[in-house]
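Reading through the structure tokens given below for one structure.
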Amino acid sequence: MHRRIILLTLGLLAMFRPQAQVIVTDTLAAEPLAPADSLPPIPDSAVFIEKTGEIPAIRHYGTDWNNTNTRAAYSFDQSRTYVLPLDSAHFVFPAQAGAVISPYGPRSGRMHTGTDYKQKLGDPIYAAWDGVVRMAKNGYYGYGNIVVIRHANGLETYYAHLSKVMVRPNQKVKAGDQIGTAGRTGRATTEHLHFETRFLYQSFNSATIIDYASRRLATDTLMVVKGKFYTVEAYRQRSSTATLNIPITEAVESDSLLSSLQDSLSVPLAKPLPPVKQITTARPSVHVVRSGDTLYGIARRYHTTVAKLCQINHIKEDGILSLGQKIKLP
Ligand SMILES: [Zn+2]
């Protein structure tokens with residue numbers, strides 16, 4: 001009797017064991033997920049951490065840094081809210097002109113964890129933001145030759161199927177630095193860039209934040225709420241016209257950002273939101289506050305600081321922005 005119960009229990013456990021966490025690249029190859037405790041520290045990484053102290057986004061990853069596997073422990077916490085400022089002033093689209101040939105999402109019953117962007121053999125591939133190369137590896141499963149860069153805000157970007165990798169692990173890169181050339185290594189049926197955006201190893205659709213048509217960022221702030229990824233604009237739109245009061249527990253760059261985000265998030269939405277704003281390079285003398293704006297975001301956009309904006313506008317960092325308010329720009 002007991003034996004039967006035990007067998008039944010084992011059977012149930014086997015049934016409900018979480019499915020092996022695999023990700024799938026272009027021809028549906030599976031990549032094994034390395035358990036955290038099976039990844040011994042790599043001497044180079046250890047030296048890197050010790051010597052430079054320059055691991056990006058330690059607040060999210062701790063010292064979880066390795067040069068051998070795309071993912072380590074699965075540390076994405078679905079109960080938390082994260083506000084990730086995107087460095088919109090320094091974003092560079094990672095490839096030359098091309099076209100999306102396969103978007104992020106389910107494909108043939110599997111999950112395609114990146115966006116495929118058609119390229120010609122040898123086209124240059126660029127780092128999308130400043131960061132540090134976490135992986136630069138040839139022949140990595142279905143990815144082929146791959147570069148993974150970790151950025152200060154906690155995002156990681158993956159560049160796969162490269163014909164040539166031109167950076168080394170632990171190397172610091174700037175947005176726009178060439179990191180390799182496009183190809184079709186690994187499991188790929190044509191030359192293209194397989195581009196992934198991840199946060200805490202969780203992939204999300206890069207088209208959430210990148211407008212592939214204009215090859216520009218679509219927002220300056222990414223919200224991660226209950227495991228889902230939104231632009232801050234989309235998140236506000238989704239959250240009714242009532243004032244928003246979201247718990248911001250993580251991932252703010254500074255206290256002033258936190259207060260400006262909290263304040264701006266409680267601006268009542270009086271009318272439908274304008275279309276997702278484009279990052280412009282034009283430099284007007286005033287900025288008219290729209291729904292979704294934060295002092296921090298405005299400062300970023302116009303390459304200035306929150307303190308400077310406060311000074312010339314005689315406002316406080318923790319003041320509430322109102323829709324239509326004119327913010328003088330330096
Ligand atoms: Zn792909």
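All ligand and atom numbering here is 1-based and tracks the order in the structure. Quick caveat, the model's predicted, so the values are computed rather than measured.
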Apex the Zn ion (ligand 1) - arms NE2 from H112 and OD1 from D116 - angle rounded to 10°: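 Angle NE2(H112)-the Zn ion (ligand 1)-OD1(D116): 100°, rounded to 10°.
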Determine whether more than 12 heavy atoms belonging to other residues, nucleotides or ligands lie under 6.0 Å from atom NZ of K118.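 Counting other residues, nucleotides and ligands, NZ of K118 exceeds 12 neighbours.
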Tell me, with the steps shown, if H112 and H194 meet side chain to side chain contact (heavy atoms under 4.5 Å, CB included). CA-CA 10 Å; H112 182 228; H194 171 98; 3.4 Å; yes
For the Zn ion (ligand 1), decide whether H161 has an N, O or S atom at a distance under 2.8 Å. no
Report whether any nitrogen, oxygen or sulfur of H194 sits less than 2.8 Å from the Zn ion (ligand 1) (N, O or S, backbone or side chain). yes
Among all residues two or more places apart in sequence or in another chain, which pass the ring pair (Phe, Tyr, Trp, His ring centres under 6.0 Å) test with Y104? none
Holding to salt bridge (Lys or Arg N to Asp or Glu O under 4.0 Å), I want the full list of residues that pass it with D130, two or more places apart in sequence or in another chain.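 Testing D130 for salt bridge (Lys or Arg N to Asp or Glu O under 4.0 Å), a comparison that skips the adjacent residues, returns K174.
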